[in-house]
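The structure appears right after this line, and notes come after that.
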Amino acid sequence: MNSAARLAEILSANAGRAGPLLPILHDVQAAFGCIDRDAEAEIAEALNLSRAEVHGVVSFYHDFSAEADPRLVVQLCRAEACQARGVEEIVAAGERAAGERVCLKTVYCLGLCSVGPAARVGDALHARLDAAALVALIEAA
Amino acid sequence: MGYEPQVDFGTPEVQSETVVTLTVDGRVVTVPTGTSVMRAAALTGGSIPKLCATDNVQAFGSCRLCLVEVDGMRGTPASCTTPAAEGMVVHTQTPRLAKLRKGVMELYISDHPLDCLTCSANNDCELQDTAAQVGLRDVRYGYAGENHLGLEADTSNPYFDFDPSKCIACSRCVRACDEVQGTFALTIDGRGFASKVRRPATSLIGASSGRPWPSVTVSYATDVTPLRSRPLVCSGSGAR
Amino acid sequence: MTLIRISDDALALACGADAVAAAFAAAGCTVERVSSWGLHWLEPLVEVGGIGYGPMAPDDVSAVLAGTSTKSIGMIAEHPFIARQQRLTFARAGKTRPLSLDDYSATGGWAGLTRARSLSPDQVIAEVTQSGLRGRGGAGFPAGIKWKTVADAAASHKYVVCNADEGDSGTFADRMLMEGDPYHLIEGMTIAAYAVGASQGYIYVRSEYPHAITKLNQAIVLSADIIAPFRIEVRVGAGAYVCGEETSLLNSIEGKRGEVRAKPPLPAHQGLFGQPTVINNVLTLAAVPHILLEGGAAHYDSHGVARSKGTMPIQLTGNIKSGGLFETAFGITLHELIYDIGGGTASGRPVKAVQVGGPLGAYIHPDRFDLPFCYEEYAGVDALVGHGGIVVFDDTADMGRLARFAMQFCAAESCGKCTPCRIGSTRGVELIDRIRSSPRGADSVELLPQMHNARKAGRSREEDIALLEDLCETLKFGSLCALGGFTPYPVLSALKHWPEDFT
Ligand SMILES: Cc1cc2nc3c(=O)[nH]c(=O)nc-3n(C[C@H](O)[C@H](O)[C@H](O)COP(=O)(O)O)c2cc1C
Ligand code: SF4
Ligand code: SF4
Ligand code: FES
Ligand code: FES
């Protein structure tokens, strides 16, 4: 399916909702890896919003991006409870392992605060990480 | 033709069949129910510092300069978003408020160009006036912190320029564009410290405005002042 | 065939529960996936005939089946960590299959809703008020009063919104409830809807909780007939801590930027899509089915102290030996929680500080570990009960760095609407850096000859600390919402109790 058809499908799938913009943006981000200018304009038109309104929303939320990043993403929690369990001491090893190939992103809390340091790759969660486990995780990503 | 400053009551007039009577700095005033404390204060001739409020658009409560103290209320509510209530006793000038307002202004100026003397808005600038009003002298943060000073100005509009380094992100232009013009051409882009006003580049859906900047600021300007003058909607001297 | 029970809660999965489950299945056992007991240091925890084994790895399976495992903890229900609790909201934890309607009904599910429907909406609200239930999302506002306001508002549409944005570090109780006992939340929301006259509900879940989202979506479909005519939809957040703030959350559901709205109007008057809206935390709503049982309100009210009534699911996290979920009546001390129940630090080193109530909560010094867990006592010392998260730090913690982190977090998550938080949080990070690396001279701009009014002399550390205190005052009293308004608590508490960490 080409991207215009996919976008149209997403728009119609969410048509019945009240306040459909966020669900649409999630679907577009998942389908295309980003929400670019053209998509913003199409979504705006479909919802009878201005481009400015849609752009303002896209740029507000960290889950949405204007450009696709082809790299794999590993989210590492660096919030307080994981700090208390030593995450800051393993960040450097993680960054070295990630290099240019993997995007090591900071996230604040995955709800695993009693078993941190914690990370997320897609929907898979990882807990009790030490430097070796984090490096292994990144290398397997 | 010069620009005659008109009294800005801060928040729009409210119609109501009922009224409330309150005391602001010892002066008794009666206003329609739903009127903001800020407007009530302005009606007594008082002046509470403000940067995000103007009586052309709905109250927003973002600049936090208009804080007041109200007997029996916790903290320091913003007068623009607090409705006047029967029997309310409001204080708009106290040492505590003076310190808070100065603290807010100090933050603004820590991220603002220091070229007032050469700025086209000099002596006609709400930011400058308000800084003087709250008595800001020293910016203790210094000027070496993160800032927006490097951003380039947009001079594509025939009527005014937009200098993002001077914008204080009060959203007045965005709100005027939405509420008054109904054009929805502007937005705040990003969030937090990175927030900035933006007009997405492609044409607008539902509005065939070919102008690079929306007409909101222009019509504001032409309503009251000649072209090339100060768009009244802008408080931070971002657009001029 | 041996019946093995293993949790499919996200935390158990993160600790490797699936591999353990697969190993038992491969050994010919029947594996039942249940909710988590909340004994997190033992996850993956398996239960065989009431006896627990953990933390399990696939290699341990044969020993468990042969009866030779050294990982037995005895009867789980009798384990001191469980036996000491008073579980009302988490009564089913560890015991039921999350999506099984049979399990739910068999353990008292829907009884609260059935009884509520036999009462008038006013009576339901009266019982919630009588129970003393206060909001568990942070502010502790009485739930009954909020509901009454919405019930009394005249409008054709009303909404019940569940705040499941749970962004605080050190908290996971909402997540555990949504993943382990989703019908329980659905039942609580349905009772709220009946009480206030709402026909549509939303659960706003953060996107960091994919497992909770899946479970809720399935549970909503399976229970649709039971809760009809009420309908519930899950909405997924998009990576913004501030969207846990109620007005920002409503903007987000409406499809807007998650900027905070000025109050008034309150959401109870003009909330979602401008209509009267009940917005409550997951744990607030999940306390309701119990309260609506015959005598439930009085039973709830009989727990706790003073004006902090009922139970609080406390989350023991960070550097703690036995971390997990501990639901108990209000009034328990930090000393009991950290040492008697939690077993001290995981590292074995002395405790230096605990942060209670999430990233906006104060750091509490061991001197105050006698403080009873309750809204008023905490407020009295500028601390926060919040959502009941407790993060323990050992003596290697650098409190200056944690104070800096509080400002950095505020800067990262600021919605950007109000000036104190938008600019002040960034200045706070810079200022703490400066304090920790003083002395400093005037900066290059200040030294320019045309800067007549600027200070030319450097600023002392004492002056910068005074400025940090002033900044905190500006944030505290000037901010539009509690993100900017409460960030001073962790900062100032760190500065007050551990000034040596700021050099
Ligand atoms: C920055 C910020 C984040 C918040 N995050 C949450 C949250 O994740 N979950 C929550 O229930 N309440 C959160 N709150 C509190 C909500 O604004 C609101 O008080 C709560 O949803 C009301 O529900 P309750 O009365 O049941 O506690 C947050 C508040 C602020 C200021
Ligand atoms: S351009 Fe002017 S009106 Fe618009 S946000 Fe900036 S300072 Fe405010
Ligand atoms: S304090 Fe102000 S800028 Fe910060 S999140 Fe709240 S409303 Fe937004
Ligand atoms: S703080 Fe890292 S998972 Fe909660
Ligand atoms: S004028 Fe009230 S907050 Fe700006």
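The structure displayed is predicted, hence computed values, not measured ones.
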Can you tell me which portion of B/D138 sits under 4.5 Å from chain C's heavy atoms? Options are side chain, backbone, both or neither. side chain

Considering non-hydrogen atoms only, spot the tightest contact between B/R64 and C/L480 and give its length. NH1-CD1, 3.5 Å

What parts of residues 417-425 of chain C touch chain B if we use heavy atoms and a cut-off under 4.5 Å? C/K417, C/C418, C/T419, C/P420, C/R422, C/I423, C/G424

Which atoms of B/T187 approach chain C - backbone, side chain, both or neither, heavy atom under 4.5 Å: side chain

Report all side-chain donor-acceptor pairs from residues 268-277 of chain C shorter than 3.5 Å, counting only partners two or more places apart or in another chain.
from: C/T277; atom 1: OG1; to: C/L272; atom 2: N; distance (Å): 2.8
from: C/T277; atom 1: OG1; to: C/Q275; atom 2: O; distance (Å): 2.8

Side chain from CB out, backbone as N, CA, C, O: work out which of these in B/R101 comes under 4.5 Å of a heavy atom of chain C, or both, or neither. neither

For C/F477 and B/T76, the nearest pair of non-hydrogen atoms, with its separation, is O-OG1, 2.8 Å

With respect to chain B, which residue among C/P265, C/A262, C/C415 yields the maximal number of heavy-atom pairs within a distance under 4.5 Å? C/C415

Looking at B/A169, B/A78, B/P77, B/G75, which makes the most heavy-atom pairs under 4.5 Å with chain C? B/A169

What residues form a side-chain contact (heavy atoms from CB on, under 4.5 Å) with C/L495, not counting sequence neighbours? C/I465, C/L468, C/E469, C/L492, C/F502

Is it the side chain or the backbone of C/L471 that comes within 4.5 Å of chain B heavy atoms, both, or neither? both

Measure the CZ-CG distance between B/R140 and C/D470 for me, rounded to the nearest 0.5 Å. 4.5 Å

Relative to chain C, which segment of B/L114 carries a heavy atom at a distance below 4.5 Å: side chain, backbone, both, or neither? side chain

Just how far is it from atom CG of B/L107 to atom CG of C/L475, taken to the nearest 0.5 Å? 7.5 Å

Where on C/R257 is there a heavy atom nearer than 4.5 Å to chain B: the side chain, the backbone, both, or neither? side chain

Winner by heavy-atom pair count (cut-off under 4.5 Å) against chain C, out of B/A59, B/C63, B/G61, B/C80: B/C63

Check each atom of C/L431 against the heavy atoms of chain B and say whether the ones under 4.5 Å are side chain, backbone, both or neither. side chain

Would you find a donor on one side and an acceptor on the other, under 3.5 Å apart, between the side chain of C/R427 and the backbone of B/S110? yes

Checking heavy atoms, do the side chain of C/A240, its backbone, both or neither come under 4.5 Å from chain B? both

In this structure, which one of B/K99, B/K102, B/R96 forms a salt bridge (Lys or Arg N to Asp or Glu O under 4.0 Å) with C/E473? B/K99

Using a 4.5 Å heavy-atom cutoff, which residues in residues 241-249 of chain C come close to chain B? none

Side chain, backbone, both or neither: which part of B/S195 has a non-hydrogen atom closer than 4.5 Å to chain C? side chain

So for C/E259, is it side chain, backbone, both, or neither that comes closer than 4.5 Å to the heavy atoms of chain B? side chain

If one checks every heavy atom of B/L117 against chain C at 4.5 Å, the contacting part turns out to be neither

